[in-house]
Protein chains: 2
Amino acid sequence: MSTTLHDVARLAGVSIKTVSNVINSYPHIRPATRERVERAIAELGYTPNLTARNLRSGRTGAITLALPYLGLSYFAELAAAVIAEAEKLSLVVLVEQTGGDRDRELDLLKSPRLKLTDGLIFSPLGMSQDDIDALTVSYPLVLLGERIFNAPVDHITMRNIDAARAATDYLLGLGRRRIAVVGAHEGEVFGSAGLRLRGYREALERAGIAYDPNLVSYATLWHRSNGARSMRELLDRGIPFDAVFGLNDTLALGAMRALQEAGRRVPDDILVMGFDNLDEAGYSIPSLTTVDPGQPWIARTAVQTLHRRITGHSSLPPVAAQFAEFEIVARESAPAG
Amino acid sequence: MSTTLHDVARLAGVSIKTVSNVINSYPHIRPATRERVERAIAELGYTPNLTARNLRSGRTGAITLALPYLGLSYFAELAAAVIAEAEKLSLVVLVEQTGGDRDRELDLLKSPRLKLTDGLIFSPLGMSQDDIDALTVSYPLVLLGERIFNAPVDHITMRNIDAARAATDYLLGLGRRRIAVVGAHEGEVFGSAGLRLRGYREALERAGIAYDPNLVSYATLWHRSNGARSMRELLDRGIPFDAVFGLNDTLALGAMRALQEAGRRVPDDILVMGFDNLDEAGYSIPSLTTVDPGQPWIARTAVQTLHRRITGHSSLPPVAAQFAEFEIVARESAPAG
DNA sequence: GTGAAAGCGCTAACAT
DNA sequence: ATGTTAGCGCTTTCAC
């Protein structure tokens, strides 16, 4: 087994309390004693057993981040940002993948595994507003995303409706009138798909353009291949359109790919707009005009909020959701004016 | 505080041992007792304190995965695969980002934080062969990548040299004679860059083609933007080339982007080959011909090997590295003959 | 300034 | 079949 406080204490000829004091940099220790202890620690290569410390303190210094799948770039970039922010607060991050499956999400929320960490940043995809009660849990929880609103937990999210409306306005401002949508979810009201489609419709309405359901195509998982498939479906309908709004970047990139296969040129024939501002959006061919939804802010705010809950610095009841600022990033797939 | 075994035992009118037996599904319990305990557990909403259990058992059921950065797609896909494999063995995964920085990698290896988990899957980027001694640690460790070889630890990696040679052969087989390289590392012998460049040179040599250093451009971080910059540099040299080997997919995609900006057509003027077979390589425009290095196998083998070490099922000394099988995936950027 | 001892919640001998 | 008890390694009163 590894060395313990007792081993160090014995070697240094002091009690374990003194060793503990040295480790936790308790101020009032005689320099000679301190040095003796430090030499013993070095000699034995002692490192404290964090599990024991955690049991004693009731805290682990770790948080859980639960998201659908790291293979989806949006979530990979989210995880990267969360881990980086957590490190600034000396927290480590345990990452769970739910696959966006409702049952696995519900299971996770009551999993004993969560006892291994101090709190949870939770980005559900399969759960919906009906599952709101499952978010009433006994541990610190920060909710991400737009599947569930007004739950009694801290909620950090983005301005989906406003941002999608701004994205649509942008295309309208470039003179487009028949804007196709890729990646909608049948009958969804909340959720990224539902909210972004609503923003799209609001923009059309304000511009006095009728909503044409034939311009909307569906895709369950927001994956490149589904963006391509969804676009092929649109093309097969034979209905003319002059722009495409991919409800996220991956869909938009897949759609561009399908457009190109079909001989349509971007941006000459069709403008394409995405949503997420993934790193990759700046380097596709053509580069992708998109919405930057403020992910770094979301990651930072989520980690800080959770940390305040864990440390008890905030016992305020969670209020309404906090929203990140967004911004349109104009690139080649739909160049500005 | 949360409820404990004692609370459950008191409510059920039994001893804590009995409750413990029920929880750990010890076979010999009277059905009536079992039911009483289960009702008490449900009533109190009891969940076991894993930290305490871990302290007792000496295991946590968690492993650490340390990698450079989740924003790099290759590592995001690796993490996704590792987490999925770990889940099959009921392990959870704590993800650490080192930024590919040598000092942070060395620090991590001796960080007390690792005591929070049972073992480490370590993918270094900044460390080199000189740091081999740092891999002699007191906990189960599985090494990934190609920065360090012949360390006294289990090592799972890919056939960099063979695969790069095969990739180059593929381009040679298509009649190309001036194959540029994007993303080399100055003077590197080991490491993905060094090994892949070596494979490239071996292929040239076997084909009787002289190695031209002017065809090789450098990039430290294997990031899209650096692939583009690296390619612009090559173009600026004004030296003719008829194919490009990006030492990974991200570089190749960035390079394709720069080629396009410069008015070069892929594959009409220039063939492009990548390395990694990222999901995204199938959906770029044009889609990217690349090397599939067998990442799923690597993830699976790494997790299983670590698990065997942790559970003590393998006390065999670690042997030479284990190599994944690779395969060339022909797509549009360099279509097969 | 330092030591002794209790106890965090659990598991596993050992006892009955 | 179930109860008792001793720790896992640490922190933290409370003495001295």
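Chain naming here is simple, since letters A, B, ... match the order of the sequence lines and numbering starts at 1 in each. Every value quoted in this text rests on a predicted model; they were computed, and no experiment measured them.
- The stretch residues 9-19 of chain B touches DNA chain C through B:Ile16, B:Lys17, each having a heavy atom under 4.0 angstrom from the strand.
- Out of D:dT11, C:dT2, C:dT11, the shortest distance to the side chain of B:Leu5 is found at C:dT11.
- End-to-end axis angle of the helix from C:dG1-D:dC16 to C:dT16-D:dA1, from C1' rotation axes over five pairs per end: 40° (rounded to 10 degrees).
- Under the salt bridge (Lys or Arg N to Asp or Glu O under 4.0 Å) criterion, B:Arg309 pairs with B:Asp154, sequence neighbours left out.
- OP1 and OP2 of C:dG7 both lie 4.0 Å or more from every side-chain N or O belonging to A:Arg56.
- Interface residues of residues 37-55 of chain B facing DNA chain C, ordered by number: B:Tyr46, B:Pro48, B:Asn49, B:Ala52, B:Arg53; criterion, heavy-atom separation under 4.0 Å.
- For A:Arg10, the salt bridge (Lys or Arg N to Asp or Glu O under 4.0 Å) criterion is met by A:Asp7, not counting sequence neighbours.
- Phosphate proximity of D:dA1 to B:Thr33: absent, as no side-chain N or O sits under 4.0 Å from OP1 or OP2.
- The residues A:Glu35 and A:Arg39 are annotated as salt-bridged, a charged nitrogen and a carboxylate oxygen being separated by less than 4.0 angstrom.
- In this structure, B:Arg104 pairs ionically with A:Glu87, as a charged nitrogen and a carboxylate oxygen lie closer than 4.0 Å.
- Residues B:Ser57 and B:Ile29 each lie close to DNA chain D; by heavy-atom proximity, the contact nearer the 5' end of the strand is made by B:Ile29.
- In this structure B:Lys88 satisfies the salt bridge (Lys or Arg N to Asp or Glu O under 4.0 Å) test together with B:Glu85, sequence neighbours excluded.
- Between C:dT11 and B:Asn24, a contact under 4.0 Å exists linking OP1 or OP2 to a side-chain N or O.
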